[in-house]
Amino acid sequence: MKELSDSVRAVEACLFAAEEPLGVDDIAAYVGSGVDVKAALAELEAHYAGRGIELVGRGRRWHFQSAAGLAHILRRARRGGR
């Protein structure tokens, strides 16, 4: 698996730490103007494709979420079942 650059990792960390979805400008305010946030988001989206966590963009805002195909496992865990 390809190692992520420091710029992409900075965007990743920003999104993981955020309490709510962030727009490109919000992310750039954290990581600095020298980072191509849109390119970093595209790389992260590809990096997380098919994994248990996915990067999702909705209405120009981005966030990580559990993969939709695993929702049944998470529902069961919350109810205390296996």
Side-chain angles (χ1 to χ4, degrees):
M1 185 177 297
K2 178 183 160 195
E3 194 168 315
L4 300 174
S5 70
D6 287 344
S7 295
V8 174
R9 290 177 62 229
V11 171
E12 178 185 44
C14 179
L15 288 167
F16 266 116
E19 293 182 15
E20 59 186 35
L22 299 174
V24 171
D25 291 340
D26 301 320
I27 297 167
Y30 285 107
V31 300
S33 60
V35 175
D36 184 344
V37 174
K38 289 180 182 180
L41 290 168
E43 187 171 339
L44 287 170
E45 193 171 27
H47 179 77
Y48 282 95
R51 301 179 102 182
I53 296 171
E54 57 192 13
L55 179 61
V56 177
R58 285 197 185 103
R60 297 184 180 179
R61 300 181 81 69
W62 293 84
H63 70 280
F64 283 105
Q65 69 179 25
S66 299
L70 300 175
H72 66 284
I73 294 170
L74 299 173
R75 278 193 300 271
R76 213 172 31 223
R78 272 190 248 133
R79 288 192 307 250
R82 293 180 195 236

- Task: Please name the pair of heavy atoms, one in Leu15 and one in Trp62, separated by the smallest distance, quoted to 0.1 Å.
- Result: CD2-O, 3.5 Å
May I have the list of side-chain donor-acceptor pairs in residues 17-36 shorter than 3.5 Å, sequence neighbours left out?
residue	atom	partner	partner atom	Å
Asp26	OD2	Gly23	N	3.0
Asp26	OD2	Arg61	NH1	3.4
Asp36	OD1	Lys38	N	3.4
Asp36	OD1	Ala39	N	3.1

- Residues that Glu54 engages under salt bridge (charged side-chain N to carboxylate O under 4.0 Å, His left out), provided they are two or more places apart: none
- Do the rings of Phe64 and Phe16 sit parallel, tilted or perpendicular, given the 30° and 60° boundaries? parallel
- Message: For a side-chain contact (heavy atoms from CB on, under 4.5 Å) check, start with the C-alpha distance between Val56 and His63, then their side-chain angles and the critical distance, and finish with the verdict.
- Response: CA-CA 6 Å; Val56 177; His63 70 280; 4.1 Å; yes
- Message: So which atom in Leu70 and which in Gly52 form the shortest heavy-atom distance, rounded to 0.1 Å?
- Response: CD1-CA, 3.6 Å
- Note on the structure: Here the pair of heavy atoms bringing Arg9 nearest to Leu4 is CD-O, 3.5 Å
